[in-house]
Colleague: 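Take this structure, written in structure tokens, and hold onto it; I'll ask about it next.
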There are 2 protein chains.
Amino acid sequence: MTVTIYDVAREANVSMATVSRVVNGNQNVKPATRKKVLEVIERLEYRPNAVARGLASKKTTSVGVIIPDISNNLNAELARGIEDIATMYRYNIILANSDQNEEKELTLLDTMLGKQVDGIVMMSEEVTETLQRAVEACPVPIVLAGSISSTEKVASVNIDYYKAALEAVQMLIDNGHTRIAFVSGPLQYKVNGERKLAAYKDTLQKANIAIDEALIVAGDGSYDDGLESWTNLSELENPPTAIFVGNDELAIGLVHGIQDSGKMVPEDVEIISFENSKLARMVRPQLTSVVLPLYDIGAVAMRLLTKYMNKEEVDDQRVILPHRIEQRNSSK
Amino acid sequence: MTVTIYDVAREANVSMATVSRVVNGNQNVKPATRKKVLEVIERLEYRPNAVARGLASKKTTSVGVIIPDISNNLNAELARGIEDIATMYRYNIILANSDQNEEKELTLLDTMLGKQVDGIVMMSEEVTETLQRAVEACPVPIVLAGSISSTEKVASVNIDYYKAALEAVQMLIDNGHTRIAFVSGPLQYKVNGERKLAAYKDTLQKANIAIDEALIVAGDGSYDDGLESWTNLSELENPPTAIFVGNDELAIGLVHGIQDSGKMVPEDVEIISFENSKLARMVRPQLTSVVLPLYDIGAVAMRLLTKYMNKEEVDDQRVILPHRIEQRNSSK
DNA sequence: CTGAAAGCGCTAACAT
DNA sequence: ATGTTAGCGCTTTCAG
């Protein structure tokens with residue numbers, strides 16, 4: 001059978017409590033006793049049962065991570081940031097994919113709570129009313145990473161998407177463009193429909209450039225979507241000479257679409273993307289891209305969560321990380 | 001306080017045992033009783049405590065997943081395959097990154113066992129002797145996904161890397177090349193150093209083409225590594241006219257390196273990659289690539305693990321999945 | 001079909 | 001500094 005704390009206690013001629021103390025690094029143990037216990041632990045290859053510990057202490061040192069899809073670069077980067085900080089604070093991660101499906105998100109929340117996680121980090125492109133309520137009703141701390149919720153009540157970590165998008169569009173305007181397209185993923189995702197799009201429209205209007213709905217294209221945000229989007233855009237009477245793109249993969253699709261149609265980037269069409277993943281450098285010309293620090297967002301979100309879990313004071317429950325634009329060759 | 005099984009029992013005028021039975025779908029409960037209990041559960045918003053359940057039943061319905069780095073496309077795809085099947089069988093995943101560091105792998109194994117996972121899926125590019133022993137000594141089932149171990153004792157899921165590589169190289173030979181390079185990630189990784197490289201050498205020799213060590217290049221397998229590798233290769237007195245590449249990212253680096261030097265793919269240099277991630281289509285020309293079905297490897301590994309966890313009969317503990325070569329435009 | 005009771009392995013007062 | 005003793009919330013015989 002597996003060796004328990006009781007076995008160690010017996011072998012070391014001490015009580016379970018003492019073994020528990022040395023295992024948990026409690027200082028109230030005579031060095032000699034500690035040494036003796038440690039030796040028995042080693043000899044018996046005792047490994048504390050975290051489940052029993054969790055039941056007794058009501059802490060599992062596990063945190064739940066709910067993301068749309070780990071096979072997506074964007075989420076993977078975020079997850080890595082979360083995991084690194086979690087490891088640093090000795091937490092383990094229970095990871096699950098929601099596929100951006102509200103029902104799954106809700107079920108997952110429930111499952112994780114059932115597993116008694118000490119906290120949750122969640123990423124959701126679309127925080128619905130129902131989800132919002134579930135999050136607020138959550139008995140353990142929860143922080144949203146790279147997700148926009150409508151209320152101020154929920155902890156979250158983001159960049160200022162509006163401002164970032166504004167700067168990108170302004171850059172294009174400054175380069176003399178008046179036919180600027182906006183190509184992004186689903187507009188029902190608030191980051192796209194509420195932030196980037198709003199910034200796009202506002203910035204254009206401020207520059208007295210009329211909004212042309214034909215230049216606003218939303219698809220699934222994939223590479224193929226980018227390819228296809230250019231096909232449509234290029235057939236316009238008056239095609240765009242610059243494009244503000246929602247993510248890198250989409251941007252690469254657009255670049256290739258443009259090149260396939262015999263035009264050049266940035267000479268004929270300038271492009272500014274939004275993400276700056278490693279993909280941004282893996283295309284010719286390399287993409288100018290708004291830096292979305294996903295790893296950092298994940299890391300900071302997890303760090304924030306540890307504070308909540310330790311019941312530390314948190315001065316700002318809505319963290320906004322700095323952003324910048326990485327200038328490369330898809331824009332001038 | 002949180003509501004427990006005892007609260008439900010009291011409210012429903014039954015014993016804890018009965019509540020436990022309905023929660024666990026035990027058929028030995030009168031429909032009327034079940035209904036009553038279910039109502040109370042709903043009313044009280046009772047949520048079973050998985051930790052307590054785990055302690056009592058010695059099953060946690062959690063499986064550990066140890067991979068080198070989730071932010072790497074390759075691992076993320078694998079992880080998604082694992083997670084999907086895990087979800088299907090109602091397991092949760094405890095995910096951790098090893099950074100391909102033996103010490104971390106060992107610690108992680110220990111942590112997961114401490115958390116009483118029911119099984120483990122692991123990916124490791126380099127299964128060392130020590131790791132091998134730890135795996136064999138593991139008290140719960142464990143299956144290696146996309147990893148090569150030296151013994152037959154460990155369950156694993158792979159493709160036939162040697163044969164796949166052989167076919168790729170043969171394809172290049174069939175196209176008339178005699179100056180064929182092999183560019184890959186670290187050779188201490190068995191997949192590279194023992195399988196692909198061996199296949200490369202054997203196939204060349206079988207075709208009476210002398211091995212030129214200058215054409216064998218190993219780096220870190222990154223995009224930049226690919227760029228740099230071509231710089232070196234192109235400075236050779238007699239540069240290669242075809243390259244068999246270890247992975248897609250590396251291959252894209254090579255393609256760009258070749259194009260930057262004024263040559264063309266596949267006219268001047270043919271390329272066959274190994275991975276066929278979605279990246280393979282995101283470059284011009286698109287990559288001909290050996291299909292490494294990472295999602296499937298993960299899924300099958302997890303499925304295999306469920307069999308072990310259920311103590312089902314397993315006919316083949318070393319699964320080899322089929323592979324094929326996706327023909328695109330980087331080769332003729 | 002249902003209940004009583006004994007743990008699962010550990011932590012956390014409370015004693016000493 | 002160390003031991004004693006309740007539980008933590010649930011599953012699982014064993015009776016009935």
Side-chain angles (χ1 to χ4, degrees), chain A residues 1-38 40-41 44-62 90 110-111 113-118 139-140, chain B residues 1-38 40-41 44-62 90 110-111 113-118 139-140:
Chain A
M1 270 309 287
T2 68
V3 10
T4 74
I5 199 172
Y6 181 75
D7 300 319
V8 176
R10 186 168 26 71
E11 286 289 311
N13 284 312
V14 296
S15 70
M16 299 168 42
T18 300
V19 179
S20 177
R21 287 192 188 96
V22 348
V23 167
N24 291 295
N26 187 314
Q27 285 309 304
N28 290 347
V29 181
K30 206 184 343 177
T33 318
R34 174 188 310 283
K35 185 155 174 288
K36 185 173 57 177
V37 172
L38 251 14
V40 176
I41 286 179
L44 264 44
E45 297 187 357
Y46 167 66
R47 176 190 292 131
N49 181 326
V51 174
R53 207 197 288 230
L55 183 58
S57 69
K58 297 177 172 296
K59 284 192 194 327
T60 55
T61 65
S62 294
R90 323 214 142 261
D110 219 58
T111 308
L113 292 176
K115 296 234 166 179
Q116 312 300 117
V117 293
D118 296 337
V140 298
Chain B
M1 272 309 288
T2 68
V3 11
T4 73
I5 198 172
Y6 180 76
D7 301 320
V8 177
R10 186 168 25 74
E11 285 290 310
N13 285 313
V14 296
S15 70
M16 298 167 43
T18 300
V19 178
S20 177
R21 287 193 188 93
V22 348
V23 167
N24 292 294
N26 187 314
Q27 286 309 304
N28 290 347
V29 181
K30 206 188 335 182
T33 317
R34 174 188 310 283
K35 185 154 174 290
K36 185 174 57 177
V37 172
L38 252 14
V40 176
I41 286 180
L44 264 43
E45 296 187 358
Y46 167 66
R47 177 190 293 131
N49 181 325
V51 173
R53 208 198 288 229
L55 183 59
S57 69
K58 297 179 172 297
K59 285 193 191 326
T60 55
T61 64
S62 293
R90 321 213 144 263
D110 218 59
T111 308
L113 292 176
K115 295 234 166 178
Q116 312 300 116
V117 294
D118 296 338
V140 300

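The sequence lines fix the lettering, A, B, ..., with proteins before strands; numbering per chain opens at 1. Just so it is clear, the structure is predicted and the values come from calculations on it, not from any experiment.
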Colleague: For Thr33(B), give me all partners under side-chain hydrogen bond (donor to acceptor under 3.5 Å, both in side chains), at least two apart in sequence or on another chain.
Modeller: none

Colleague: Just by distance, do the side chain of Asn49(A) and the backbone of Val51(A) share a donor-acceptor pair under 3.5 Å?
Modeller: yes

Colleague: Indicate the atoms forming the closest heavy-atom contact of Tyr46(A) with Ile5(A), along with that distance.
Modeller: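 Between these two residues, the closest heavy atoms are CE1-N, 3.5 Å.
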
Colleague: Check whether any side-chain heavy atom of Asp118(A) lies under 4.5 Å from a side-chain heavy atom of Val140(A), and answer yes or no.
Modeller: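 The answer is no, as the side chains (C-beta and beyond) never meet within the 4.5 Å cut-off.
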
Colleague: Testing the basics here: between Val3(A) and Glu45(A), what is the closest heavy-atom pair and its distance to 0.1 Å?
Modeller: CG1-O, 4.3 Å

Colleague: What integer distance in Å separates Leu55(A):CG from dC8(D):P?
Modeller: 9 Å

Colleague: For Arg47(A) and Gly114(B), which heavy atoms make the closest approach, and how far apart are they?
Modeller: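 Between these two residues, the closest heavy atoms are CD-N, 3.6 Å.
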
Colleague: As a quick check of understanding, evaluate side-chain hydrogen bond (donor to acceptor under 3.5 Å, both in side chains) for Lys115(B) and Thr60(A), giving each step before the final call.
Modeller: CA-CA 9 Å; Lys115(B) 295 234 166 178; Thr60(A) 55; 5.7 Å; no

Colleague: Produce a footprint string for nucleotides 10-16 of chain D: one letter per nucleotide, 5' end first; B if the base is under 4.0 Å from any protein heavy atom, S if only the sugar-phosphate is, - if neither.
Modeller: BBB----

Colleague: Would you indicate which nucleotide in dA4(C), dA1(D), dG9(C) comes nearest to any side-chain atom of Lys30(A)?
Modeller: dA1(D)

Colleague: How long is the line joining CG of Asn28(A) and C1' of dA13(C), in whole Å?
Modeller: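 The distance from CG of Asn28(A) to C1' of dA13(C) comes to 14 Å, rounded to the nearest Å.
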
Colleague: Output the rounded distance in Å from CG (Asn26(B)) to P (dT2(C)).
Modeller: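 Result: 10 Å.
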
Colleague: For dT2(D), take OP1 and OP2 only and decide whether either is under 4.0 Å from a side-chain N or O of Thr18(A).
Modeller: no

Colleague: Between Lys58(A) and dC10(C), does any side-chain N or O lie under 4.0 Å from OP1 or OP2?
Modeller: no

Colleague: Measure the distance from CD on Gln116(A) to P on dG9(D) and round it to the nearest whole Å.
Modeller: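 Atom CD in Gln116(A) sits about 9 Å away from atom P in dG9(D).
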
Colleague: Can you find a pair of side-chain heavy atoms, one from Arg21(B) and one from Val37(B), that are under 4.5 Å apart?
Modeller: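 With C-beta onward as the side chain, the pair stays apart.
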
Colleague: Which parts of residues 7-14 of chain B get close to DNA chain D, meaning a heavy atom less than 4.0 angstrom away?
Modeller: none

